[in-house]
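Notes for the one structure printed next.
Counting starts at 1 for both ligands and their atoms, following the listed order.
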Amino acid sequence: MAEHESLEFGKADFVLLDTISMPEFMANLKLRFEKSRIYSYIGEVVVSVNPYRSMNIYGRDTIEQYKGRELYERPPHLFAIADAAYKAMKRRSKDTCIVISGESGAGKTEASKYIMQYIAAITNPGQRAEVERVKNMLLKSNCVLEAFGNAKTNRNDNSSRFGKYMDINFDFKGDPIGGHINNYLLEKVSVVPSLTFVLLFVQLVLGGPESLLRSLHIQKDPKAYAYIQVGGQKKSSINDSADFKAVADAMKVIGFTQEEIQTVYKILAAILHLGNLKFGSDGDVTLIENSKLASVLGDLLSTRQENVEKALLYRTVATGRDVIDKQHTEQEASYGRDALAKAIYERLFCWIVGRINDIIEVKDFDVKVHGKNTVIGVLDIYGFEIFQNNSFEQFCINYCNEKLQQLFIQLVLQQEQEEYQREGIPWKHIDYFNNQVIVDLVEQQHKGIFAILDEACMNVGKVTDEMFLQGLNNKLAKHAHFSSRKVSTCESLEFDRDFRIRHYAGDVVYSVVSFIDKNKDTLFQDFKRLLYNSSNPVLKSMWPEGKLSITEVTKRPLTAATLFKNSMIALVENLACKEPYYVRCIKPNDLKSPLLFEEERCRHQVEYLGLLENVRVRRAGFAYRQTYQRFLQRYKMISTITWPNHELPSDQEAVKKLLQASGFEQDSAYGKTKVFIRTPRTLFALEDQRAQMVQRIVLFLQKIWRGTIARIRYRRMRASLIIIRCYRRYKVKAYIREVAHRFHNVRNMKDYGKHVKWPIPPRVLRKFEEALQGWRAGQLIRSLPPEDLPKVRAKVAALETLKGQRTDMALQRAWEGNYKRDQPELASFFTLASSELQRKDKFMNVLFSCHVRKINRFNKAEDRAILITDRHLYKMDPLKQYKVMKSIPLYNVSGLSVSPGKDQLVVFHTKDNRDLIVCLQGIEPPGESRIGELVGVIVSHFKSEMRKIQVNTLNPIQCSMHGKKCTIAVETKINQSQPDFVKSRAGYILSVPGN
Ligand code: ADP
Ligand code: MG
């Protein structure tokens with residue numbers, strides 16, 4: 001159903017041909033090939049014609065065009081089918097496989113590489129390193145396998161001498177997580193002189209670094225090696241060393257150790273040297289002519305030269321209990337040598353595949369984490385081969401292709417038609433050639449060719465290839481697909497040598513020569529022991545059965561044919577349980593020409609690939625079928641009839657209604673259990689509608705779920721708030737209860753509970769504690785007589801003002817205020833003077849009075865007294881009956897300064913800068929301090945009048961006498977009896993007695 005290109009390029013899908021006939025088919029195929037359209041469809045099958053030139057259609061931009069697109073949206077391409085397989089796997093969690101078939105050189109291996117590249121390119125958009133690593137290993141392992149498994153044949157310069165089936169495992173997100181490779185190597189002959197040679201040897205000889213070659217005793221000349229010579233017309237090229245390096249790097253990337261890589265080279269070198277071994281004879285003794293090579297082999301295989309020579313020249317035979325060494329003839333020795341070379345190579349190849357599998361295999365897969373593990377398998381297996389001389393390998397290869405054709409027939413032609421009948425869909429049967437009969441001819445038990453071959457091998461005594469042919473003649477003479485000279489009259493068949501099989505793809509004549517040999521495992525036990533006993537652990541591990549001792553009777557190993565048959569049956573079973581996608585490769589000519597379209601050759605391939613039948617079935621058939629229930633499950637959301645659940649009597653009815661409502665009624669048919677959709681276009685339209693609805697459903701689910709999450713979160717939050725609140729309340733209550741308990745009797749205590757220890761309050765109740773302390777203070781104060789209150793206030797004021805500045809506050813002592821008692825003889829004068837002042841100045845209280853020493857601005861120190869009332873500060877002369885010398889209204893006093901020492905210096909600062917500087921004196925008992933009291937009463941008095949007074953504690957003190965700045969410092973003098981002022985440079989010094 002491909003579109004987008006005009007008819008000038010032919011029809012992109014053969015289903016669109018006007019009439020389905022061979023000429024039309026061929027004309028379309030040819031037209032497309034000539035217009036460089038190498039890919040076409042038959043429905044979902046890709047038909048590919050080898051272009052034999054590089055095409056610019058595999059780049060990044062092309063990949064982008066196909067990514068996520070449906071098959072019909074873009075011109076036919078391998079990428080489209082790779083994407084379809086990937087999508088089917090992702091959408092429906094189905095294992096899928098891509099089967100690439102076609103004859104040798106038709107482009108299968110190339111196709112498989114492009115498919116792998118495409119899958120690698122579209123997966124892992126997140127660029128996660130682990131996935132990249134897996135992908136890289138999958139791609140690199142391909143490179144290594146090709147290097148070891150490819151050979152040059154006359155049909156294909158780079159023919160895979162092994163079939164490979166590679167599984168790529170994906171997790172539920174569609175990211176590759178590993179893989180597995182099955183190899184179907186049959187080319188035991190690849191290294192001995194034959195039609196083929198393994199390219200790797202040439203790469204090694206011509207491209208290996210000098211130092212490596214030296215250590216392997218290899219010279220840089222392919223002609224020097226018997227095993228390369230046949231194909232070795234190839235000239236040295238720069239590519240060889242690049243190719244060699246690419247393989248070496250790939251092995252490293254995959255994770256081969258250095259030791260393993262070294263061993264691989266040693267084994268390759270050993271094979272090359274083996275090929276050059278020559279045997280001769282001296283009388284009846286067989287010997288190695290170039291025995292230096294034996295020593296080289298000993299070195300490369302990590303064993304001793306004698307052991308190598310012995311294994312090559314003798315055979316250990318157990319007769320009953322005895323063990324004897326039997327010498328080979330020259331011919332036997334040469335045969336053994338070649339058999340050894342083949343076997344070593346085969347083991348190496350299988351070991352490499354095993355190692356790669358160990359490394360790329362899915363590890364740590366957990367269904368819970370990764371979801372279902374799905375698989376895309378890619379099968380690239382040898383195509384149908386017809387050579388001049390066809391031997392056992394061609395027979396196996398062609399049998400393999402019969403099997404795959406049979407699978408194709410079963411899945412695409414037979415099952416499909418059977419299904420229509422089963423489901424009761426009107427259907428006209430389409431005829432096709434069923435090749436099951438040929439498959440049976442080869443693989444049937446007892447009667448099949450493989451069985452006859454095995455039987456011939458089991459004969460005792462000398463077994464010849466002719467005996468095998470005889471067996472065939474006896475048992476298969478009547479078979480329509482078998483003939484030989486004996487049973488037919490065909491001239492082209494040689495007597496006693498040839499037999500012919502009429503394959504689905506054409507007649508092939510096989511020569512029985514060496515069938516027996518190739519079928520039997522004819523490697524002498526001595527070689528297995530030789531290699532098992534190698535001191536190279538990697539080599540040793542390839543030959544586990546060398547462990548058996550000579551006398552142990554071993555079970556007869558399975559023959560090559562049986563092994564191959566079993567692996568093919570397993571392969572087909574494996575493929576049959578996957579959803580298959582097909583790439584059918586066609587080889588346009590034998591000349592590797594990009595221009596030539598050999599009509600006859602192509603027609604033959606179209607015929608045997610059954611492409612025409614494929615088109616017929618496809619055109620008559622339906623692209624898609626599904627059980628009603630599954631169909632509804634997938635598409636129920638696109639109609640209100642079926643969403644969320646339908647109410648019709650059956651799913652079938654519901655599907656019918658659904659398709660009618662969507663307008664696809666014409667394109668569908670209803671079977672007994674399944675609905676059939678004719679064109680992919682309808683299906684894609686359904687998918688589109690579904691994708692749109694799914695978005696809305698997802699949004700809906702997200703909405704509900706988000707709401708649920710939010711509600712859960714809200715409830716939790718609210719619960720935690722309630723808990724917090726309760727807890728707080730509990731803490732507070734517990735605290736209050738504790739306080740109540742501890743303090744319940746404090747009212748009756750003497751100290752109102754001062755000694756009671758406070759419990760630690762919760763943060764919110766810190767203030768509470770202060771309040772309670774306040775209560776206690778209140779209680780204390782209330783218990784005082786009211787007349788004491790001013791004194792208490794004064795003490796508090798002194799404490800607040802001088803705390804941390806002076807220590808001599810004398811808070812313990814009763815503050816009397818009036819200290820004229822110091823000179824009782826003058827008391828009556830003072831009383832007189834103060835009452836005179838009270839009358840005159842109308843003060844209420846005396847705050848403080850005391851004798852002082854003062855200094856004036858004329859530097860004269862004199863004894864005086866001060867009287868501080870609630871209105872004035874008076875300076876009096878005690879010697880003149882306390883005559884007032886100076887009266888300063890208190891509102892004129894702006895501050896007080898005292899020193900931080902123990903002295904009694906006080907400076908009264910006035911607003912008019914006529915500070916009064918005095919030192920309290922006449923103190924009884926001596927040593928007592930009155931500074932605290934003086935400061936306290938004055939500050940408290942100011943406070944009671946809501947005024948502020950500045951109190952400084954400094955030494956020296958800055959003051960101002962009649963506007964003149966000066967400083968007064970307090971200094972200790974040893975011989976001073978009384979504090980007194982003396983003049984200093986900056987002002988005055990109060991000298992106080994020291995001790
Ligand atoms: P097969 O595996 O079927 O035997 P190959 O895939 O090895 O065949 O292809 C044989 C040769 O054909 C390749 O070496 C290459 O030169 C050419 N070839 C095949 N497919 C393509 C293609 N898509 N583009 C360009 N050349 C191709
Ligand atoms: Mg190939």
Query raised in the report: Under a 4.0 Å N-O cut-off, is there an ion pair linking D249 with K245?
Result: yes
**Report entry** Salt-bridge contact K113-E110 (side-chain N to carboxylate O under 4.0 Å)
**Finding:** yes
Report task. May I ask you to check whether S112 brings an N, O or S atom to under 2.8 Å from the Mg ion (ligand 2)? Result -> no
Query raised in the report: Are Y118 and Y66 near enough that their ring centres are under 6.0 Å apart?
Result: no
Return yes when [X] approaches ligand 1 closer than 4.0 angstrom through a heavy atom, no otherwise.
| X | value |
| --- | --- |
| P51 | yes |
| K113 | no |
| G102 | no |

Report task. Kindly identify the option in V49, I38, N50 whose heavy atom sits closest to atom 18 (N) of ligand 1. Result -> N50
Would you mind listing which atoms of ligand 1 come within a distance below 4.0 Å of any non-hydrogen atom of [X]?
| X | answer |
| --- | --- |
| R53 | 24 (N), 25 (C), 26 (N) |
| E103 | 3 (O) |
| Y52 | 12 (O) |
| Y58 | 22 (C), 23 (N) |

**Report entry** Cation-pi check, R584 onto F408 ring (under 6.0 Å, within 45° of axis)
**Finding:** yes
Query raised in the report: Are more than 12 heavy atoms from other residues, nucleotides or ligands located less than 6.0 Å from atom CG of N56?
Result: no
Query raised in the report: Quick one: which of I449, V442, N398, D507 gives a side-chain contact (heavy atoms from CB on, under 4.5 Å) with I501?
Result: I449
With respect to [X], determine whether any N or O atom, backbone or side chain, lies less than 3.5 Å from an N or O atom of ligand 1.
| X | value |
| --- | --- |
| M55 | no |
| Y114 | no |
| T109 | yes |
| D380 | no |

Requested in this report: Kindly write out the residues that satisfy ring pair (Phe, Tyr, Trp, His ring centres under 6.0 Å) with Y581, not counting sequence neighbours, or none if the list is empty.
Outcome: none
**Report entry** Test item: K108 side-chain N/O and G102 main-chain N/O as donor-acceptor pair under 3.5 Å
**Finding:** yes
Query raised in the report: Is there a donor-acceptor pair closer than 3.5 Å between any side-chain N or O of E402 and the backbone N or O of Y504?
Result: yes
Query raised in the report: Hey, is K592 touching ligand 1 through its side chain, its backbone, both or neither, going by heavy atoms under 4.0 Å?
Result: neither
